[in-house]
Amino acid sequence: MSDDYKPVLRAGSDPLVFFKYPGADGDGDVARGHIMATVMSHALKDGEVVVMGANSLLPLAAARLAQLTHAPNLTLIAGASGGVNTLVEPLAPSSGDYANLLAEAVLDFPEVLMLQMGGGTDVFFAGGLQIDKRGNCNLAYTGRSPGSVDLRGPGSAGLPWAHRSGRTILYVTTHTTPTFVETVDFVSLPGHKAGGKWREKGGPELVVTPLCVMDFDEGGLLRLVSLHPGVELEEVVENTGFDLVLPSGAVPSTLFPSAEELRYLRELDPDALLVAVV
Amino acid sequence: MSDDYKPVLRAGSDPLVFFKYPGADGDGDVARGHIMATVMSHALKDGEVVVMGANSLLPLAAARLAQLTHAPNLTLIAGASGGVNTLVEPLAPSSGDYANLLAEAVLDFPEVLMLQMGGGTDVFFAGGLQIDKRGNCNLAYTGRSPGSVDLRGPGSAGLPWAHRSGRTILYVTTHTTPTFVETVDFVSLPGHKAGGKWREKGGPELVVTPLCVMDFDEGGLLRLVSLHPGVELEEVVENTGFDLVLPSGAVPSTLFPSAEELRYLRELDPDALLVAVV
Amino acid sequence: MQDTVRKSKVLAIEAAVAALVPDLSESLWVGGMHMHNVPMALVRECIRQGKRFGTLYAAPSASLAADLLIGTGAVDRVVCGYLGFEHLGLAPVFRRAAEEGSQIDFIEADSGSLILALQAGAWGQPFAVLPSGIEQTDLPKVSPMFYRQLEDPFTTGRSYAVEAVRPTVALIHCQQADEFGNGIFKGSRFVDRLLGLAAGTVIMQVEGLVDNNQVVKYPLQTGLPGFRAAAVVQVNFGCHPTSSHRYYNFDDVHLRLYLQAASTEAGFKSYLDEYVMQPVDQEDYMRRVQNQDWGAITGEAP
Amino acid sequence: MQDTVRKSKVLAIEAAVAALVPDLSESLWVGGMHMHNVPMALVRECIRQGKRFGTLYAAPSASLAADLLIGTGAVDRVVCGYLGFEHLGLAPVFRRAAEEGSQIDFIEADSGSLILALQAGAWGQPFAVLPSGIEQTDLPKVSPMFYRQLEDPFTTGRSYAVEAVRPTVALIHCQQADEFGNGIFKGSRFVDRLLGLAAGTVIMQVEGLVDNNQVVKYPLQTGLPGFRAAAVVQVNFGCHPTSSHRYYNFDDVHLRLYLQAASTEAGFKSYLDEYVMQPVDQEDYMRRVQNQDWGAITGEAP
């Protein structure tokens, strides 16, 4: 990328695209997007190869934050753009954005999928219309059958191959009962099987929402790990459409981003997309 | 390719690699390599996509000559290098030579094979250890079986897919009875079936040797088309290990390269590799 | 003697679509991904000329082009890996068609299988076997004609496979090309190199033309060799409202305008009329896009 | 806090081979084609250290590296698409082994099927189905374990397939790389991008190191992303006597010297001793290559 690249700037552009989110400049408030990105960052290990699909503001920020803090040898593949180790300067709203080519290498998209499906990656980030208690994830449609669709989503995209792409971290930007359902209407991304986790490696491992962090218990059921600062257990329970496994004892509070982490996130994200996204 | 590229030059290099062939500078003699390249050039049609494998001095010169004369819209893919429409300035001895990247595009080698096998090319050039009367071609080994090998060749390379790559032009730099055999010991490149040509499109169409030009009759059998200037019919018959189909009447003489064709060939080939190759 | 000269492939967009895209093609695959490098001017021209396509492959990340083609009934069948507007929302016409029913046949698929199918088509393979895992999703269940089981001849285990795909027509955007169709991507190539090497008829839309000498000077930069392009059409801002990598970003205001309009059938019709059917050419289209300062977004690539 | 820094992957060649190539690996695929971009210094180092490999994939165009590995008995099995010296002649050690018999198992194959097998391995596909046509050759007959028939689930016709290949070790030459393994090809990439994305352990040999800033400045040039390289080894003239695109051409005099020497078993042994086993390092090797004016062939890439 040469130095003369300028993104479009036009009157009326949305904050999620180009402009500062009003009031997001100050150091005062920590947005839930910051907390989610930090949680996701902590879940990444040094040396891992991390890949993400569409709508990847949060994992993109998380992976870059991990590189800047505890995981300097982590590799990040920025979804549709094919950018490898994009510097995230700045964070851009679309996974296919040219901004992601301020990077070390650029893969053709078939190569990105090839690495994912061939086991060449360690961590995959995904979201969906619905997530159920076993971590099955639906990006196709809700409703009883293909002939009786309530809500048509975009389609299963690369989700069927998530478990081949390594540990899967699920994330959503709304935590509601339509999203967290007992059983998904359509399995785009396979979760854990009844009676136990269905594979040693790969498959859903963590779920990060605007309210809380969840993982899976030994039986492969979704379990609350921590509540984000200011969130009450009640709020999570009410907005989850099934009986969430609760930790024994008091529910911990999600670790607040450190001052350094916040500084990095704000540097990476001058347009405060992380504030607007959740 | 930048302008500062210099090939290796060292004492003792072979004329086929870097130096002028002694005495090849003059305009006087026309080498058999010139005649063969010209014949092959005439066999190419404007607009075709032409691909060649290893050892492709002759087809490379032929395809470029065709572009410079009757086929300006011909596309040439220079074998291993992946160079598309290399300018052949100058002709280089190895199909993978960096010189072939003075070109319009460079394909990865899997892409070259993909185009060949997927039907994305029109003409394929090939040679072999043995060619038989039906145009079967052997690049693997001669001998009775894998356990009883007389001469071990390099292997079948891309030859099994020749008929998928379009019309196939076979060429050899020696015309002898060990090369032209009744039946090949191993079919690397399938020729015509007994009882007729086995496919409408694709498959061997022309065979060019230092002595003559041959095609296939309606029964799919090798047939003499023309003798190169100065070659007697007897010489061809003696050096062919089966009964070659002869044209009715006198055998025509292979068209001599025109003055313009010779000029182009000499311009493309300052090191006179075409003089040394046959 | 050189009695002919090499022919330019440069055509006006109307002429290219009229001459090279049949009135009814078997299948179509549109290049780019999400809101990037989508050859929208070509798509609008196809719709304007009433071109129809049996099957549209909506993968790996189809967006506005697919939504418009569905809304105009230009396609009979959509094989769907992903069709949406990423962070901007779901595809409104696709939603309505799927939720309320339509004449169009939607085949539920996934992007990985569709890319493997395209690759198999390019190689002349009859089908592509899939890695294990698809059997754990609902895809083979709802699309049994698309995903079929076979026996692995090496392990005797069962695998799924998808039939090879070879799009009859591909529309592809390169930032630059020479007159012979040697296309240059100034940013991501997405799936477009594979698509361009695989498809039957490739029409290439570009921001600008460059001299062939420039192409020969940097052959490693050429993203698509010229012989694959049936025609090259030069269109200013031809990807709008999607981005053209390095030249301009996507126009989120216009995309949201579309999403808002197309949320009703009537709104979609009036969007279609205003921005697709009525414009006599790209300049006319550009005039109709409101409040856009085209001069200010002219990204020039070196 | 950034309590760790990003690790360099640069290692001395001896250390890289000692640490990263097991004494006995399942399989090996050497990059480059014909007499170009073959990482000969790595191959010689593997032989010197007595590394052994179950299967060597000799495709699409293996030459000196494969001949040496066969001659030293470093491989048990060779799957052969092409092994020769192009315009310079046939492979002398391979010839002798095949014609006179040897402990090594040679599997007759073809380059197209082997590339499809490698691609299938990279995608995690269990096998690759082949385009029609292979049944008209003698290959399935002599290699029935390599080429196997199966039923096409879409047409119920019969096709041939080859099992996926995933080389345990790949040796690849890039002209340049940064310390994190981002490799740059200054000319043809041959099969090396696919190979580098597919293989288990990739060791990357380079002519020279460049700064990471340079890589980030031109990311579209990066041929192989850093995470695929287990180690980067810098060796002067490391491809000799094969070429390194843009840096130097192949040394036909030395290649002919090899072909001449290796035409007898004794000659091969003395070549091996002089140029592979005895040299203590690449500089020593270079001193032993006669009449070569190394300074004069230093091609420098920008």
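Each chain gets a letter, A, B and so on, in the order its sequence line appears, and its residues count up from 1. Because the structure is a prediction, the values reported are computed rather than measured.
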- Task: Quick one: list whatever passes ring pair (Phe, Tyr, Trp, His ring centres under 6.0 Å) with D:His173, sequence neighbours left out.
- Result: none

- Engaged part of D:Leu220 at the chain C interface, taking heavy atoms whose separation is under 4.5 Å: side chain

- Message: Is any side-chain heavy atom of C:Val129 closer than 4.5 Å to one of D:Val129?
- Response: no

- D:Glu26 CD: over 12 foreign heavy atoms closer than 6.0 Å: no

- Best-contacting candidate, C:Ser188, C:Gly133, C:Pro153, against chain D by heavy atom pairs under 4.5 angstrom: C:Pro153

- Which pairs with one or both residues in residues 144-171 of chain C pass salt bridge (Lys or Arg N to Asp or Glu O under 4.0 Å), sequence neighbours excluded? none

- What are the residues of residues 104-128 of chain D, in order of number, with any heavy atom under 4.5 angstrom from a heavy atom of chain C? D:Ile115, D:Leu116, D:Gln119, D:Trp123, D:Gly124, D:Gln125, D:Pro126, D:Phe127, D:Ala128

- Item | Residue D:Tyr147 versus chain C: region with a heavy atom under 4.5 Å | neither

- Task: Enumerate by number any residue of residues 189-198 of chain C whose heavy atoms lie under 4.5 Å from heavy atoms of chain D; in the absence of such residues, state 'none'.
- Result: C:Arg189

